[in-house]
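Report on the following structure.
We name chains A, B, ... by the order of the sequence lines, and we start the count at 1 in each one.
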Protein chains: 2
Amino acid sequence: MATIKDVAKRAGVAVSTASYALNGIQKVSPATVEKVQKAAIELNYQKNGFASDLKRTKTNTIALILSDLSGPYYSELIKGVQEVTSANGYDLIACSSIGGELSTATKFLKEKRVDGAIILAHNISDDLIKKSARKDFPIVVLDREIDSEFVLEVQVDNIQGGYVATEHLINKGHRNIAYVSGPYNSHDNEKRFHGYKSAMLDHGVSYQSRLKISGDFTRESGYRATKMLIAQQNLPDAVFYANDEMAIGGLQAFSERNIRIPEDISVVGFDDIQLSEYVAPPLTTIRQPKYEAGALSVHLIFQLLAGEKAERHYSLSTELVERKSVKN
Amino acid sequence: MATIKDVAKRAGVAVSTASYALNGIQKVSPATVEKVQKAAIELNYQKNGFASDLKRTKTNTIALILSDLSGPYYSELIKGVQEVTSANGYDLIACSSIGGELSTATKFLKEKRVDGAIILAHNISDDLIKKSARKDFPIVVLDREIDSEFVLEVQVDNIQGGYVATEHLINKGHRNIAYVSGPYNSHDNEKRFHGYKSAMLDHGVSYQSRLKISGDFTRESGYRATKMLIAQQNLPDAVFYANDEMAIGGLQAFSERNIRIPEDISVVGFDDIQLSEYVAPPLTTIRQPKYEAGALSVHLIFQLLAGEKAERHYSLSTELVERKSVKN
DNA sequence: CTGTTAGCGCCTTCAC
DNA sequence: GTGAAGGCGCTAACAG
């Protein structure tokens, strides 16, 4: 592997001159630049990224940290992040936090292998995030609240989403509305639940704790929760699932028992994942502005990197997507 | 930012000793190790990853290069790669090749910011791959053939897949079978088509070029191609779409014209994407061993990195998934 | 077991 | 406009 030294030698100049020439710094004569470039090509020279980063203490790349790279859910989010990142001439790498403390994500955070990070990964601790963030290493969190000067929060308004979903059900004449929850440690779940309860309250519908069934955001758990609901005999008028995956699991459970959606019972989900449009019946759900969340997050990172100030908290609103799983 | 020097000073030892202690090299007394660790914690020391990589000329991370990080298609593949990578104590980063020559992917390849790469991205040139690969930087390509000592090819047996799909249609009594193709520059498409033709030939079914309709792997193109097919009046008995996305577009076109699947016409796709199970009717298709492809690829990288020899070409076989889009 | 020291490859003052 | 030299933070001989 040729180094800049080799190039300099071959071009018959000093290393510094070669460096200037290669980096387009207006300090060398055109003739010299050409000589250097020629030598570089002849030697198939490629700069060593690490050495360069080490020296400049800047990587020009930002990381997107996800708990699971393979989740189809992130598609839109990634797109938003990617577009803005490259529009600003930065590089983006995605890394997974699987493995917790030993994960690639943790390593990149701790060792500052990037200039900033966007995090949507439960299994990265608040503590690590707080410790890692600093002026020249801003972090945006998408799934939690962290009180630190260099950590910004971009959130989807889950309370409003939960409220709208529930209100829709109420407006369609439903009163007895069950809530299938996400895991207890999920912020998102808590807020959706909060919205659900508020809507009930505001419309004079009474909430009883038996209406809350616990799930964990997986399809399987939605299936199980629904089975349980069915087994308990007295079925509610409608079910609000804290996410689409669980709703799809629920749909399956209902269909196995020949309970028709929406004739016998109405269903609404949350997220608007791609599948929701295709299941039978197509799922009425709450769309999250994922692309926007991604794009905004990177924007903020660049803002902080540029030394500008920014609000610490952002809330993006959701939108009801009406399809066919709610009785009219 | 504290450096190892600061730690050493605070612990009252030499830098090398601190380095050994921090890296768990059996050369320092337990007492010293403790002293050093204490100092490190007090100073909130974090090693600088670049400096470390620079010195070791090894990053312990491999890159997965995809043309579009946001494609849901890759889910399984990524999982395979991820699991094997972390099982070997390596880190994985995913990066996109959007932007071609200027992309993050290109930069990582050129600057050797990782120890090896797995590539599934049309817009990275063969030339760049050939130039980048070397003994200590093995590359696995998933979507093409490249003749170079340090580039390995892992492929799905598309010919066999195309053959099996077509044969299935023939076995079910179809004779007049259309093929909706992917883009012309796609290796995968070409092989699937090849399989299709072989199966026809082997079963004494004649192929005419009018049976081949061109598409480009997008849902939209499947929709358009199907519209065209319908407009031409004399509908075939069955359509083999070169991928599921197009088949799903086709399903929609048929449904708009009230052409029933599979009563009026049979359909088979290719890929077995998640959606295929949920569309109406559920799509009969060819499953690709994506997880296996990912896992195998990383395995091979590690093998080469360890200096072992490996076959240069691998072919993984596909499998027919029978659902409801083919008439019995 | 511990300390000294020489780079890894590059960038960047500072003199000339 | 060009060259010499120092150092980014870390590791790994080598000596003691």
Self-check item: Interatomic distance where NZ belongs to A:Lys55 and C1' belongs to C:dC8 [whole Å]
Solution: 13 Å

Quiz item: Would you say the side chains of A:Asn123 and A:Ser97 form a donor-acceptor pair under 3.5 Å?
Solution: yes

Exercise. Please indicate whether A:Lys35 has more than 12 foreign heavy atoms, meaning atoms of other residues, nucleotides or ligands, lying under 6.0 Å from its NZ.
Key: yes

Quiz item: Contact class for B:Asn23 (heavy atom, under 4.0 Å): base, sugar-phosphate, or nothing?
Solution: sugar-phosphate

Quiz prompt | Crowding at NZ, A:Lys5 (>12 non-hydrogen neighbours, <6.0 Å) | solution = no

Quiz item: So with a 6.0 Å cut-off around NZ of B:Lys130, is the heavy-atom count from everything else above 12?
Solution: no

Quiz item: Using a cut-off of 4.0 Å on non-hydrogen atoms, how would the nucleic acid contact of A:Thr32 be classed: base, sugar-phosphate, or nothing?
Solution: sugar-phosphate

Quiz item: DNA chain D: B:Phe50 or B:Lys27, which has the more 5' nearest nucleotide?
Solution: B:Phe50

Practice problem: May I ask you to say what A:Val13 touches in the nucleic acid, namely base, sugar-phosphate or nothing, with a heavy-atom cut-off under 4.0 Å? | Solution: sugar-phosphate

Quiz prompt | Distance, rounded to the nearest Å, where B:Gln46 contributes CD and D:dC10 contributes P | solution = 10 Å

Quiz item: Just how far, in rounded Å, is P of D:dG9 from CG of B:Asp6?
Solution: 9 Å

Practice problem: Looking at every strand, decide which applies to A:Ser19 at a 4.0 Å heavy-atom threshold: base, sugar-phosphate, or nothing. | Solution: base

Quiz item: Could a donor-acceptor pair under 3.5 angstrom be found where the side chain of B:Ser16 meets the base of C:dT4?
Solution: yes

Quiz item: Any donor-acceptor pair under 3.5 Å joining the side chain of A:Ser29 to the base of D:dG1?
Solution: no

Quiz item: Side-chain donor or acceptor of A:Lys47 under 3.5 Å from a matching atom on the base of C:dG9?
Solution: no

